[in-house]
Structures are given as structure tokens and as C-alpha cells.
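The structure appears below as C-alpha cells.
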Amino acid sequence: MYIKFLKHVIDFIVALLGCILLSPVFLIIMLAIKIDSRGPIFFKQKRVKKGKDLFNILKFRTMYIETPKDAPTHTLANPDQYITKVGRFLRKTSLDELPQLFNILMADMAVIGPRPALYNQHDLIAERDKYGANDVRPGLTGWAQINGRDELPIEAKAKLDGEYVEKMGVAMDLKCFFGTVASVLKGKGVVEGGTGALASQKAKEEEVTVK
């Protein structure tokens, strides 16, 4: 009953309350983005939702408009050069994700679930197929986000998404929710350069040490 009905109702209520209560924060962020750099306030990008259909995810724009489109951050050479000053803060605090509350209201996303993959992240989509993680609504945050986030290689991330699907329920969603709050407050797992970036960085450091 929770998965089929209550989860969707709770998602809608949480997203609606979030939009209302956080409206002053929205206005401040929107103003800061416009002052900081030219371009739109919001950023739209095609992502994969339940059943591998596509939808436009909403975020606050954190990069300059010259940034290559539809490219995962980890595929960019020196991604820091594309991120605005305000954008760096928004990413560090995850405030850039707030507009996804509207995606939740439109039922494209849930509060908790696997993070929606880019439409061209075929390797991640294929890995998630192994665990049935493409058969549930993607989330604003999820099990993988509190267990490594940007630090995780694709295989590990997909496996954690599958673990979420297997254990999906009230207890798991609460664990993800409160785990996310703790991770955001600590700034844990945010690595510019994206998926597996920290692992690659550590490997290079170890290689230098050995030499």
C-alpha cells in the first residue's frame, strides 16, 4: 500500500509544502544567479524516469551558458572552470536541486529514489536494468546519495540503487531522508568531476606515493 499509493501522496504533500515554505529561499537564489552571471535562472536537462521514458529535470543554473550541453560533469575537462561563483555554493549545499520539487509535483520524480540518469548515460542505465532500478520513480535523493554520491563508480552506484529497490519501504525512505540531511550538512560526497572522481584521485595519489 505504501509503495503503490501512500508514497506518491506523501511525495506530493512534501513537495507542495517545500515549495511554499522555501519560496523566500527560491527568490534569494534566483536573484543571486542573475547578479552573478548572464543566462537563465533555471537549467533544464533530459533525464530518465520510470520505465526509461524521458522528462526535463529542473535545477538552478550553476554553470556558465558556454558550458557544453548534455554532458555529465565528470566528462568535462577541468569542470571547475565552467561553474559560477554562486553555482559552486549551490552545488556544495545541494540547493541547486530545489527546483526538482516541481518535478515531484508533476509525478516525474519522488522525494526518495535512484537519482535520474542523463538520457545519454547508457552505461548507468544498463547497469540499473540489472537491478530493476529503472522501474521506479527517480528521486531527489536516494540510497546511493548517502553512500558516496559523486564518489561512486557507476557499477557501485547502480548496485546501491538496486538495494534501495529491494528494500523499498517506509523505513528505507526515512533512512535515506535523514541520511541526506546529515550528508548535506557535512558537504559529504560532493566531488566536482562527478562519478568516481574521488576514486580516480586516490588512485593517482597512490601511484605517486609508490613511485
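Side-chain atoms are counted along with the backbone in the values below, which use heavy atoms only and exclude waters and symmetry mates.
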When rounded to the nearest 0.5 angstrom, what is the spacing between [atom1] in [X] and [atom2] in [Y]?
X	Y	atom1	atom2	value
Lys7	Asp173	NZ	CG	3.5 Å
Ile146	Tyr164	CD1	OH	11.0 Å
His122	Asp129	NE2	CG	12.5 Å
Arg88	Ile83	CZ	CD1	5.5 Å
Leu98	Leu140	CG	CG	8.0 Å
Ile35	Met30	CD1	CE	12.5 Å

Answer whether the closest heavy-atom distance between the side chains of [X] and [Y] falls below 4.5 Å.
X	Y	answer
Pro116	Ile57	yes
Ile41	Lys34	yes
Ile112	Met168	no
Asp53	Val48	no
Asn134	Lys50	no
Phe89	Leu95	yes
Arg137	His8	yes
Lys46	Leu118	no

Closest non-hydrogen atom pair between [X] and [Y], with its separation:
X	Y	answer
Trp143	Leu160	CD1-O, 3.3 Å
Phe102	Cys19	CE2-SG, 3.8 Å
Asp11	Ala110	OD2-CB, 3.2 Å
Ala32	Val86	O-CG2, 3.7 Å
Leu152	Ala144	CD1-O, 3.6 Å
Gly18	Leu101	C-CD1, 3.9 Å

Do side-chain atoms of [X] reach the backbone of [Y] as a donor and acceptor pair under 3.5 angstrom?
X	Y	result
Thr84	Tyr64	no
Asp161	Tyr131	no
Glu97	Ser94	no
Asp135	Gly51	no
Lys157	Arg128	no
Asp108	Phe55	no
Arg115	Gly139	yes
Lys44	Lys59	no
Asn103	Leu58	yes
Arg47	Ala117	no

Hey, quick one: are [X] and [Y] part of the same hydrophobic cluster, counting side-chain heavy atoms closer than 4.5 Å, chains of contacts allowed?
X	Y	result
Val14	Leu17	yes
Met106	Phe26	no
Leu105	Leu21	no
Tyr2	Leu174	yes
Leu16	Ile13	yes

Could you walk me through whether Glu155 and Lys130 pass salt bridge (Lys or Arg N to Asp or Glu O under 4.0 Å), step by step? CA-CA 10 Å; Glu155 294 79 6; Lys130 298 177 181 178; over 6 Å; no
Which word best sums up how the rings of Phe42 and Phe60 line up, parallel for under 30°, tilted for 30 to 60°, or perpendicular for over 60°?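 Rings of Phe42 and Phe60: parallel, under 30°.
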Step-by-step side-chain contact (heavy atoms from CB on, under 4.5 Å) determination, Lys85 to Ser37: CA-CA 9 Å; Lys85 292 178 181 178; Ser37 62; over 6 Å; no
Test side-chain contact (heavy atoms from CB on, under 4.5 Å) on Lys52 and Ile125; report intermediate values, then the result. CA-CA 8 Å; Lys52 291 192 282 191; Ile125 296 168; 3.7 Å; yes
Does the distance from a Lys or Arg side-chain N to an Asp or Glu carboxylate O, for Lys167 and Glu163, drop under 4.0 Å? yes
Looking at Phe177, I'd like to know if its CZ atom is crowded, meaning that more than 12 non-hydrogen atoms belonging to other residues, nucleotides or ligands lie closer than 6.0 Å. no
